[in-house]
Amino acid sequence: MAHLAGKTKASLGSVMAAARKPHSLKSTLLTARLKERIARKGPISVAAYMEACLADKDAGYYPSRQPIGADGDFITAPEVSQIFGELLGLWAVTVWQSMGAPKPIVVAELGPGRGTLMTDALRAWRSVPDFLANVTVALVETSPVLREVQQTALYGSDAPVSWCTRLEDAAEGPLIVIANEFVDALPVRQLVWRAHEWRERCVRIGPRGGFDFCEGHAVPSESLQQLADTLDIPNGSILEIRPAANTLIAALAARAQDVPLAALIVDYGHETTACGDTLQAISRHKFADPLRNPGEVDLTAHVDFAALKDATIAHGLTAYGPMPQGAFLLRLGLEARRDRLCEGATDGQCEALTAGTSRLVDPSAMGLLFKALAITSPGLAPPPPFGES
Ligand code: SAH
């Protein structure tokens with residue numbers, strides 16, 4: 001089993017954020033609540049800690065802020081270049097055609113952030129009136145703050161848009177799902193290999209009163225035991241598993257029982273399952289300490305695309321990829337689109353377009369670490385560009 005080196009989110013600086021501003025009131029509240037919970041019930045799993053930090057209704061990271069952009073904590077592909085959302089929008093059109101152009105068609109986006117990807121996709125759909133006339137958009141978003149941002153961005157859009165908190169609640173019928181940098185925000189469990197068994201990695205209150213990692217109860221699992229036995233895993237290795245990603249695949253499979261379905265998951269992560277601690281905190285475009293300022297900093301962990309693919313196949317769906325983001329976008333026609341946009345642009349605009357697209361595909365930026373995995377219901381043609389030789 002390979003070991004994950006300290007790979008980093010491509011769009012970040014490599015230094016740790018220096019002393020952060022003092023705890024906000026909300027972070028202080030969440031800290032107190034977590035400490036009280038740990039004092040009462042003992043250490044909590046890394047997954048439970050991550051879930052509380054990201055999703056706590058009052059003080060969680062996403063429900064309480066708009067974190068994306070130069071003046072936020074991190075930048076995502078749709079914010080880097082409009083071409084990203086346009087190409088993914090056109091990807092959805094081709095997939096729809098391969099389904100036999102069912103009407104209506106629902107396009108659901110999971111975790112739509114500022115609504116930028118969908119705004120760009122909607123613009124691209126203007127060139128395909130038959131699609132635009134039959135598409136309804138479902139935005140799956142749990143953060144009330146981001147919902148408001150999305151409502152503003154998509155106000156007066158060319159297609160009906162609705163919001164829900166779970167994919168299961170998106171309008172019925174044939175479905176195309178897009179999820180960019182969504183899965184990395186779902187909590188991970190961390191298991192530590194210690195004295196021939198897996199133990200849950202937990203968060204406790206340390207001797208100095210702050211949060212601290214510790215090893216909790218043993219996790220009996222035959223398949224995980226086999227994995228450790230057949231591969232020579234050193235003592236202390238950390239394995240990350242993401243139950244919420246399996247729940248997502250199960251929801252896709254349930255929908256695919258009745259209707260054609262395709263999904264595109266783009267995120268940063270690894271192609272093969274490997275040991276390593278990839279839990280990271282991000283604040284103001286720099287790495288931060290995941291155990292400090294809960295709810296104030298973004299927490300993420302790399303996506304295990306092999307596990308996602310295994311879950312897809314186990315649920316009877318078909319998986320394509322993962323393909324590095326650079327190759328994926330280039331094969332979808334990124335350069336031709338950039339050149340066309342440059343024709344009508346000023347020199348400055350063209351330079352910005354070129355810089356943005358380079359960042360998306362450059363192997364040392366987002367081109368390799370980010371990957372695309374496509375999922376379809378059985379019997380559909382391979383989605384672009386996976387079917388090309
Ligand atoms: N896709 C966007 C934003 C990525 S940030 C982009 O590429 O710019 C993650 C997004 O997922 C945010 O919109 C966040 O509020 C949302 N989110 C996180 N966890 C979620 C969950 N469990 N259900 C629905 N949305 C979630």
Side-chain angles (χ1 to χ4, degrees), residues 9-12 47-48 50-57 59-89 92 107-121 137-154 161-170 177-188 242-252 263-269 280-283 285 295 297-301 303 325 329 356 359-360 366 370-372:
K9 197 166 182 178
S11 41
L12 296 172
M50 197 172 168
E51 170 84 33
C53 291
L54 289 178
D56 182 272
K57 272 203 194 79
Y61 180 76
Y62 281 112
S64 61
R65 77 201 55 234
Q66 192 300 94
I68 306 160
D71 54 352
D73 289 328
F74 59 90
I75 296 270
T76 55
E79 306 292 334
V80 169
S81 173
Q82 68 180 73
I83 296 177
F84 186 81
E86 291 171 352
L87 290 179
L88 264 56
V107 173
E109 187 186 351
L110 309 181
R114 300 212 292 197
T116 308
L117 190 159
M118 195 48 73
T119 304
D120 295 333
V137 173
L139 298 181
V140 183
E141 176 61 73
T142 42
S143 160
V145 175
L146 283 168
R147 258 189 203 206
E148 240 182 271
V149 175
Q150 293 152 19
Q151 272 156 2
T152 307
L154 292 162
V161 181
S162 63
W163 279 261
C164 52
T165 47
R166 300 175 334 138
L167 179 62
E168 291 87 328
D169 300 328
V177 178
I178 294 174
N180 184 61
E181 286 205 41
F182 171 76
V183 177
D184 72 83
L186 300 175
V188 283
R242 193 173 246 126
N246 290 342
T247 309
L248 168 63
I249 302 293
L252 295 176
L264 182 66
I265 294 173
V266 183
D267 223 308
Y268 52 100
Q280 58 193 25
I282 291 150
S283 173
H285 306 272
V297 297
D298 184 27
L299 286 185
T300 81
V303 172
Q325 173 171 291
L329 294 176
R359 187 165 164 188
L360 293 181
M366 301 173 81
F370 285 72
K371 297 173 180 69

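For ligands, and for the atoms within them, numbers begin at 1 and follow the listed sequence. Quick note: residue numbers are just sequence positions, from 1. We use all heavy atoms of the structure for the numbers below, so side chains are in, but hydrogens, waters and symmetry mates are not.
- Of the options Asp184, Asp73, Leu146, the smallest heavy-atom separation from atom 12 (C) of ligand 1 is shown by Leu146.
- Residue Asn180 places at least one N or O, backbone or side chain, under 3.5 Å from an N or O of ligand 1.
- Rounded to the nearest 0.5 Å, atoms OG (Ser64) and CG (Asp56) are 8.5 Å apart.
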TODO: Take Leu154 and Met118, measure what side chain to side chain contact (heavy atoms under 4.5 Å, CB included) needs, and give me the verdict at the end.
DONE: CA-CA 8 Å; Leu154 292 162; Met118 195 48 73; 4.3 Å; yes
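- Contact atoms of ligand 1 toward Ile68: 3 (C) (distance under 4.0 Å to a heavy atom of the residue).
- Where the criterion is an N or O separation shorter than 3.5 Å, residue side chain and backbone included, Glu141 meets it with respect to ligand 1.
- Using modelled atom types, one side-chain atom of Gln66 and one backbone atom of Ile68 make a donor-acceptor pair closer than 3.5 Å.
- Annotation for ligand 1: atoms under 4.0 Å from non-hydrogen atoms of Glu181 are 4 (C), 5 (S), 9 (C).
- A side-chain donor-acceptor contact under 3.5 Å links Tyr61 and Asp73.
- Listed by chain and number, the residues in a side-chain hydrogen bond (donor to acceptor under 3.5 Å, both in side chains) with Glu86 are Gln82, Arg123, Arg337 (sequence neighbours excluded).
- At the top of the distance list for atom 5 (S) of ligand 1, counting protein heavy atoms only, stands Tyr62 OH, 3.6 Å.
- Contacts between Leu54 and ligand 1, counted as non-hydrogen atom pairs separated by less than 4.0 Å, are absent for every part of the residue.
- Judged purely by atom type and a 3.5 angstrom limit, Arg242 uses its side chain to pair as donor or acceptor with the backbone of Asp184.
- Residue Gly113 has at least one nitrogen or oxygen atom sitting less than 3.5 Å from a nitrogen or oxygen atom of ligand 1, judged on distance alone.
- Checked against a 3.5 angstrom limit, the closest N/O atoms of Thr76 and ligand 1 fall inside it.
- For ligand 1, one of its N or O atoms has an N or O atom of Gly111 under 3.5 Å away.
- Among protein heavy atoms, atom 22 (N) of ligand 1 sits closest to Leu186 CD2, 4.0 Å.
- Applying the 4.0 Å criterion to heavy atoms of Ser143 picks out, from ligand 1, the atoms 15 (O).
- A donor-acceptor contact under 3.5 angstrom links the side chains of Tyr268 and Thr300, judged on distance only.
- The protein atom (non-hydrogen) at minimum distance from atom 21 (C) of ligand 1 is Thr142 OG1, 3.6 Å.
- Listed by number with element, the atoms of ligand 1 under 4.0 angstrom from any heavy atom of Val140 are 24 (C), 25 (N).
- Donor-acceptor pairing under 3.5 Å is recorded for the side chains of Gln150 and Trp163.
- For the residue pair Thr76/Glu181, the side-chain donor-acceptor check at 3.5 Å is not satisfied.
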